[in-house]
Amino acid sequence: MSQPEMIAATNFIRNMIIQQREAGQQQKVITRFPPEPNGFLHIGHAKSICLNFGIAKEFGGDCHLRFDDTNPEKESQAFIDAIKEDVNWLGFEWTGEVRFASDYFEQLFDWAVDLINNGKAYVCELNAEQMREYRGTLTEPGTNSPFRERSIEENLAEFNKMRAGDYPNGAKVLRAKIDMTAPNINLRDPILYRIRHQEHHQTGNKWCIYPSYDFTHGQSDAIEGISHSLCTLEFEDHRPLYEWFLNNLPVPTKPVQTEFARLNINYTVTSKRKLKLLVDEGVVKGWDDPRMPTISGLRRRGYTPKSLRDFCDMIGVNRSGGVVDIGMLHFALRSDLEHSAKRAMLVLNPIKVVITNWEEGREEMLSSPSHPAREELGERTLPFTKELYIDSNDFMEEPPKKFFRLAPGQEVRLRNAWVIRCDEVIKDAAGNIIELRCSHDPDTLGKNPEGRKVKGVIHWVSATHGLPAEVRLYDNLFQVESPDSDKDVDFLEHLSADSLSVVEAIAEPSLATAQAEDRFQFERVGYFCADRYDHQPGTKLVFNRTVSLKDTWAKIQKKQG
RNA sequence: UGGGGUAUAGCCAAGUGGUAAGGCAGCUGGUUUUGGUCCAGCCAUCCGGGGGUUCAAAUCCUCCUACCCCAGCCA
């Protein structure tokens, strides 16, 4: 899976389009990705993006980027900019200019007037609370608004006054006249326009009334000639309304809405509302905090666009929303990084090793490929000196069975260098190990030792050439599988205490030239990414742990108890 | 209790009347100067449950159960 883009899995939407084509309905496929600019995009949006852009690409069609900007109170230009960047970064390009539902406000207004003229819409003066009471409940029908039978002339006059700014926020709304007894609550005279004296990021102060989602979305699709309007399952109940507008308005085309299940992943949340809360509460440092499942957070963490696309292909598209194991996301990530990331060595928890049979001051410049299977990625130089650092996890004074690493009297291979044996363990007064005195076998560089097998290989960094590096170790934000499934416990209660720990590590010298966002596999440790903002080449090295390597040894240890 | 949906392995997911794809995870071995990668093999007599139709059912009918969404002037 690492090299060729994964073959896109089949899904019911693709099948539907294929069937439509076989049936001779040769319409051009035009989809759209319609985010509201009220927050950052997350992994769930990535699924929708891959679907919409993927479908368009596969069938030789177009995919528009359209901001569903009908609620200026919650939206901003900053979110628009971030969303555009995320879509591009994921590897997609929309057809034509970026579009805005607000581009269609004038047309929408005219259509609302059409509805009034046809006796299908009216201005209602019920306040929010009354409106709720008149709406009825899930099991009881609603009752007609006392304003329902106003004359067309009066409705027209009132609606124009609404637009003119004659009324304060919330004073009146324009509603469709459908059926207050409909079992589907969305059909109980839904709101078309509400009064909001609020500057809009695109239209400025031109409007003080704004159309609702329902009155905007389908018609925007129709204006753009969208053939397949794909959205998530919670809009299924809105489809009759979506169609009602298309059937009662002189729209140029008749798009069809199809719903699919939204993405859920365990150990995280994929709800813009909850992610916003994490940001607002200061739980994370921003929408693009590397712990966030936002696209920009994943990017900063070190995820590749390809890994996200592959993941979306892997999980499929259907209508039976389940919960995807985050392990699948990690799998998609590791498969891509295994192929694309250069290798390097970095010691997280240093312990000093002195090579006793190495002459004082001698430096050997070893060379090692940047990738074990990709010569074209070049080589880097590894200075070998008398004093080195290895990871303290790679040494045990009293090793258990099958511990292939360093232990007193035991031999181990230093990756890309010689085999060494631990001869002596030096401790301080408190009994802490402060140094390992080892001897190297000079006849083992690039070849196996004579007459014996050394199975273990550990990574190391020269103590005299190693570079200090700040390493940010990230883990799941939540410590339970479904942080938001418990109705009685707030999801913030499930936050993990150690989703981030910062350690000072020692990096091999070649890492001095790493650029921000460069990704590496620190051998035997994991995949890391130079921080997009804080990393300064040659000055301040900052690496984010994207994901660890699979750790079979940890698994064995667990089994052994 | 109204309306709309969904149920295939621990997880994701194909399948649309002809006898259960694939992936993740897991388990066995092999290769390996990353306990990584890679390679080989194993992993649903069964498709939420009960009836029924049929030579034949995960696929059709029927009853039942569980779970999800809807009562914002949010999207």
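So that the names make sense, note that chain A is the first sequence line, chain B the second, and so on, each numbered from 1. Computed from heavy atoms alone, side chains included, the values below leave out hydrogens, waters and symmetry copies.
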A.B. asks: Compare the ring of A:Tyr213 with the six-membered ring in the base of B:A75 and state whether they stack (centres under 5.5 Å, planes under 30°).
C.D. replies: no

A.B. asks: For A:Glu508, which of A:Lys342, A:Arg380, A:Arg415 qualifies under salt bridge (Lys or Arg N to Asp or Glu O under 4.0 Å)?
C.D. replies: A:Arg380

A.B. asks: Has the side chain of A:Arg273 got a donor or acceptor atom sitting under 3.5 Å from an opposite partner on the base of B:C74?
C.D. replies: no

A.B. asks: So for A:Arg524 and B:U34, does any side-chain atom that can act as donor or acceptor lie under 3.5 Å from a complementary atom in the base?
C.D. replies: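 Side chain to base: no pair below 3.5 Å.
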
A.B. asks: Whether A:Arg194 contacts B:A75 is assessed here as follows: a side-chain N or O lying under 4.0 Å from the phosphate OP1 or OP2. Is that the case?
C.D. replies: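 Indeed, a polar side-chain atom of A:Arg194 lies that close.
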
A.B. asks: Can you work out whether A:Arg415 or A:Glu236 has the more 5'-proximal nearest nucleotide on RNA chain B?
C.D. replies: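 On the 5' side of the pair lies A:Glu236.
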
A.B. asks: Pull up the glycosidic torsion of B:G17 and say syn or anti, syn being anything within 90° of 0.
C.D. replies: anti

A.B. asks: Between B:A75, B:A71, B:C73, spot the one nearest the side chain of A:Leu138, thanks.
C.D. replies: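 Comparing B:A75, B:A71, B:C73 against the side chain of A:Leu138, the answer is B:A71.
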
A.B. asks: Could you check how far CZ of A:Arg239 sits from P of B:C69, rounded to whole Å?
C.D. replies: 18 Å

A.B. asks: Any N or O donor-acceptor pair linking the side chain of A:His330 to the base of B:A25 at under 3.5 Å?
C.D. replies: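 In this structure, the two groups form no donor-acceptor pair.
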
A.B. asks: The side chain of A:Lys74 lies closest to which of these nucleotides: B:C74, B:G5, B:C12?
C.D. replies: B:C74

A.B. asks: Would you indicate which nucleotide in B:G2, B:U6, B:A75 comes nearest to any side-chain atom of A:Arg319?
C.D. replies: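 Minimum distance to the A:Arg319 side chain belongs to B:U6.
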
A.B. asks: With ring pair (Phe, Tyr, Trp, His ring centres under 6.0 Å) as the test, pick out the partner of A:Tyr193 among A:Phe159, A:Tyr213, A:Tyr167.
C.D. replies: A:Phe159

A.B. asks: What is the pairing partner of B:U31, taking Watson-Crick or G-U wobble pairs with both distances under 3.5 Å in any strand?
C.D. replies: none

A.B. asks: Once you round it to whole Å, what is the distance between C1' of B:C12 and CG of A:Asn318?
C.D. replies: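 Rounding to the nearest Å, CG of A:Asn318 and C1' of B:C12 are 9 Å apart.
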
A.B. asks: Select base, sugar-phosphate, or nothing to describe what A:Val323 touches, counting heavy atoms under 4.0 Å on all strands.
C.D. replies: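 Contact class for A:Val323: sugar-phosphate only.
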
A.B. asks: Tell whether A:Asp237 reaches the base of B:G3 with its side chain through a donor-acceptor pair below 3.5 angstrom.
C.D. replies: yes

A.B. asks: On a plain distance test, is the side chain of A:Gln521 in donor-acceptor contact with the base of B:U34 below 3.5 Å?
C.D. replies: yes

A.B. asks: Could you tell me if A:Lys453 and A:Asn448 have a donor-acceptor pair between their side chains, going purely by distance under 3.5 Å?
C.D. replies: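 Result is no, nothing qualifies.
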
A.B. asks: Taking for each residue the nucleotide of RNA chain B with the nearest heavy atom, is it A:Asn184 or A:Asn71 whose nucleotide lies nearer the 5' end?
C.D. replies: A:Asn184

A.B. asks: Which nucleotide in the list B:G23, B:G35, B:A75 gets nearest to the side chain of A:Trp553?
C.D. replies: B:G35

A.B. asks: Do we see a donor-acceptor contact under 3.5 Å between the side chains of A:Gln202 and A:Glu75?
C.D. replies: no

A.B. asks: Among B:G35, B:G23, B:G36, which nucleotide sits nearest the side chain of A:Arg343?
C.D. replies: B:G36

A.B. asks: Consider the side chain of A:Ser320, meaning its heavy atoms from C-beta on, and name the nucleotide among B:A7, B:C73, B:G23 that approaches it most closely.
C.D. replies: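 Output: B:A7.
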
A.B. asks: Please confirm whether the shortest side-chain N or O distance from A:Lys487 to OP1 or OP2 of B:C68 is below 4.0 Å.
C.D. replies: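 Answer yes for this pair, as a side-chain N or O of A:Lys487 is under 4.0 Å from OP1 or OP2.
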
A.B. asks: Using the P atom in both, what is the distance from B:U19 to B:U34, to the nearest Å?
C.D. replies: 46 Å

A.B. asks: Does one side chain, of A:Ser271 or A:Asp484, offer a donor that lies under 3.5 Å from an acceptor on the other?
C.D. replies: no

A.B. asks: Quick one: sort the A:Phe67 and A:Phe100 rings into parallel, tilted or perpendicular, breaks at 30° and 60°.
C.D. replies: parallel

A.B. asks: Look at all strands and tell whether A:Thr70 reaches a base, only sugar-phosphate, or nothing, counting heavy atoms closer than 4.0 Å.
C.D. replies: sugar-phosphate

A.B. asks: In whole Å, measure the gap between the C1' atoms of B:C24 and B:A14 for me.
C.D. replies: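 After rounding to an integer number of Å, I get 15 Å for this pair.
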
A.B. asks: Closest to the A:Leu549 side chain: B:U34, B:C74, B:G35?
C.D. replies: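 It is B:U34.
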
A.B. asks: Using the side-chain heavy atoms of A:Pro372, tell me which of these nucleotides is nearest: B:C73, B:A75, B:G36.
C.D. replies: B:G36

A.B. asks: Rounded to whole Å, please give me the gap between CZ in A:Phe522 and P in B:G35.
C.D. replies: 17 Å

A.B. asks: Using purine N1 to pyrimidine N3 plus N6-O4 or O6-N4 for Watson-Crick, or N1-O2 and O6-N3 for G-U wobble, both under 3.5 Å, which nucleotide pairs with B:U54?
C.D. replies: none

A.B. asks: Do the side chains of A:Asp189 and A:Arg135 get close enough for a salt bridge, i.e. N-O under 4.0 angstrom?
C.D. replies: no

A.B. asks: How far, in whole Å, is B:A21 from B:C42 if one measures between their P atoms?
C.D. replies: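 Per the computed distance, 13 Å lies between those P atoms.
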
A.B. asks: For A:Phe260 and B:G4, what is the distance between atoms CZ and P respectively, to the nearest whole Å?
C.D. replies: 22 Å

A.B. asks: B:C74, OP1 or OP2 - any side-chain N/O from A:Lys272 closer than 4.0 Å?
C.D. replies: no

A.B. asks: Rounded to the Å, how far apart are A:Ile265 CD1 and B:C24 P?
C.D. replies: 17 Å

A.B. asks: Report yes if a side-chain nitrogen or oxygen of A:Lys455 is closer than 4.0 Å to either non-bridging phosphate oxygen (OP1 or OP2) of B:U33; otherwise report no.
C.D. replies: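 For A:Lys455, the contact criterion (side-chain N or O under 4.0 Å from OP1 or OP2 of B:U33) is not met.
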
A.B. asks: In whole angstroms, how far is the C1' atom of B:C73 from the CD atom of A:Gln198?
C.D. replies: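 Atom-to-atom, A:Gln198 to B:C73, this comes out as 14 Å.
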
A.B. asks: What's A:Phe235 touching, base or sugar-phosphate or nothing? Going by heavy atoms closer than 4.0 Å.
C.D. replies: base

A.B. asks: Looking at B:U6, which nucleotide sits across from it as a Watson-Crick or G-U wobble partner, both distances under 3.5 angstrom, or is there none?
C.D. replies: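 For B:U6, the partner nucleotide comes out as B:A66, under the 3.5 Å rule.
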
A.B. asks: Can you tell me, in whole Å, how much space there is between the C1' of B:A9 and that of B:A20?
C.D. replies: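 These two C1' atoms come out 11 Å apart once rounded.
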
A.B. asks: Can you identify which nucleotide, out of B:G2, B:G15, B:C27, has its nearest atom closest to the A:Thr10 side chain?
C.D. replies: B:G15

A.B. asks: Picking from B:G35, B:A7, B:C73, which would you name as closest to the side chain of A:Arg135?
C.D. replies: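 The listed nucleotide nearest to A:Arg135's side chain is B:C73.
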
A.B. asks: Base, sugar-phosphate alone, or nothing: which one does A:Met131 contact when heavy atoms must sit under 4.0 Å apart?
C.D. replies: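 Contact class for A:Met131: base.
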
A.B. asks: Check A:Glu338, A:Glu379, A:Glu523 against A:Arg343 for a salt bridge (Lys or Arg N to Asp or Glu O under 4.0 Å) and give me the one that passes.
C.D. replies: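 The residue from A:Glu338, A:Glu379, A:Glu523 that satisfies salt bridge (Lys or Arg N to Asp or Glu O under 4.0 Å) with A:Arg343 turns out to be A:Glu338.
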
A.B. asks: According to salt bridge (Lys or Arg N to Asp or Glu O under 4.0 Å), who are the partners of A:Lys487, at least two apart in sequence or on a separate chain?
C.D. replies: none

A.B. asks: Under 3.5 Å between N/O atoms: give me all the protein pairs with nucleotides 37-42 of chain B, atom names plus distance.
C.D. replies:
residue : atom : partner  : partner atom : Å
B:U37   : O2'  : A:Glu338 : OE2          : 3.0

A.B. asks: Suppose we define a pair by two distances each less than 3.5 Å, Watson-Crick or G-U wobble; what does B:C73 pair with here?
C.D. replies: none

A.B. asks: Could you check A:Asp336 against A:Ser307 for side chain to side chain donor-acceptor pair (under 3.5 Å), going step by step and ending with a plain yes or no?
C.D. replies: CA-CA 6 Å; A:Asp336 186 26; A:Ser307 68; 5.0 Å; no

A.B. asks: According to the Watson-Crick and G-U wobble definitions, with both distances under 3.5 Å, which nucleotide is paired to B:U45?
C.D. replies: none

A.B. asks: How long is the line joining CE of A:Met314 and P of B:A14, in whole Å?
C.D. replies: 14 Å

A.B. asks: From CD of A:Gln257 over to P of B:C69, roughly how many Å is that when rounded to an integer?
C.D. replies: 18 Å

A.B. asks: Can a side-chain donor-acceptor contact be found between A:Asp221 and A:Tyr242 if the only test is distance below 3.5 angstrom?
C.D. replies: yes

A.B. asks: Between A:Phe491 and A:Lys274, is there a cation-pi geometry (under 6.0 Å to ring centre, at most 45° from the normal)?
C.D. replies: yes

